[in-house]
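All remarks here apply to the structure that follows.
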Amino acid sequence: KRYIDGIELIQYSVMNAPDIPPLSDQEKQDWITFFKRGARMSEEQVKAQIQTTAVLEAFDRATLSKLPSSVREAYDAENIQYARVSQYTAEVVAKGEAKGVEKGKAEGIKEGQKKGLLKAALGMKRLNIPTAHIVEATGLSSSEIDAIKVDDQEL
């Protein structure tokens with residue numbers, strides 16, 4: 001028999017899939033367990049944790065001890081390479097996220113400062129302070145100050 005009922009393979013990084021809480025779909029949990037840790041599980045662990053018939057069949061067919069040593073060695077080499085690449089990818093992502101957060105903070109601070117200056121300029125316009133003085137006090141351009149309407153409630 002070349003096919004197992006109940007299995008549909010879709011390319012997805014199962015190693016990064018979160019563990020599904022125990023109260024959710026047992027079949028999904030069994031398949032995730034199979035793809036994430038199945039190759040290293042003992043027969044006792046499989047019997048204790050897996051309930052889905054199709055997944056149990058897949059475990060039986062994929063048991064490493066039943067495979068030729070060259071296949072097992074290739075599998076181990078792939079796992080080592082995957083771990084190396086995954087670690088590198090995680091580091092690159094972490095560095096990129098850190099830079100993105102820093103950039104976002106800087107932009108947020110700049111935006112907040114600008115909003116504060118515009119609010120101050122609005123207050124000064126309401127006090128009939130000349131535009132030239134507001135430009136000097138806030139550093140805003142005269143066109144930015146002219147664009148502020150005295151009846152604006154909030155900027």
#### Entry: Pair Glu43 + Lys47: basic N to acidic O under 4.0 Å
yes
### Query
Does the pair Ile145 and Thr138 meet the rule for a side-chain contact (heavy atoms from CB on, under 4.5 Å), with working shown?
CA-CA 10 Å; Ile145 293 167; Thr138 62; 4.2 Å; yes
### Task
Find the distance between CD1 (Ile148) and NZ (Lys119) and round it off to the nearest 0.5 Å.
12.0 Å
### Task
Output the distance between atom CG (Leu117) and atom CE (Met124), rounded to the nearest 0.5 Å.
8.0 Å
### Message
Checking Gln49 against Gln29 for the side-chain contact (heavy atoms from CB on, under 4.5 Å) test, could you report, in this order, the C-alpha distance in whole Å, the side-chain angles of both residues, the deciding distance, and whether it holds?
### Response
CA-CA 10 Å; Gln49 295 178 28; Gln29 180 62 51; over 6 Å; no
### Task
Calculate, to the nearest 0.5 Å, the distance between atoms CG and CD belonging to Asn79 and Gln81 respectively.
11.0 Å
### Closest heavy-atom pair and its distance - Phe59, Gly38
CE2-CA, 3.2 Å
#### Entry: Cluster link Ile80 to Val85, ILVMFWY, side chain under 4.5 Å
no
### Query
For Leu140 and Val135, what are the C-alpha separation, side-chain angles and deciding distance, and is it a side-chain contact (heavy atoms from CB on, under 4.5 Å)?
CA-CA 5 Å; Leu140 296 170; Val135 168; 5.9 Å; no
### Task
Measure the CG-NE2 distance between Asn128 and His133 for me, rounded to the nearest 0.5 Å.
12.5 Å
#### Entry: Spatial distance of atom CD1 (Ile32) from atom CD (Glu27) [nearest 0.5 Å]
11.0 Å
### Task
May I ask you to decide if Ile50's main-chain N or O and Asp30's side chain share a donor-acceptor pair within less than 3.5 Å?
no
#### Entry: Side-chain H-bond candidate by donor/acceptor type, Ser70 with Glu73, under 3.5 Å
no
### Query
Backbone N or O of Glu144 within a donor-acceptor pair of the Ser141 side chain at under 3.5 Å?
yes
### Message
With rounding to the nearest 0.5 angstrom, report the NZ to OG1 distance, Lys28 to Thr52.
### Response
12.0 Å
#### Entry: pair Met41-Phe34: side-chain heavy atoms closer than 4.5 Å
no
### Summary
Between Ile129 and Ile134 the two heavy atoms that sit nearest each other are O-CD1, 3.5 Å
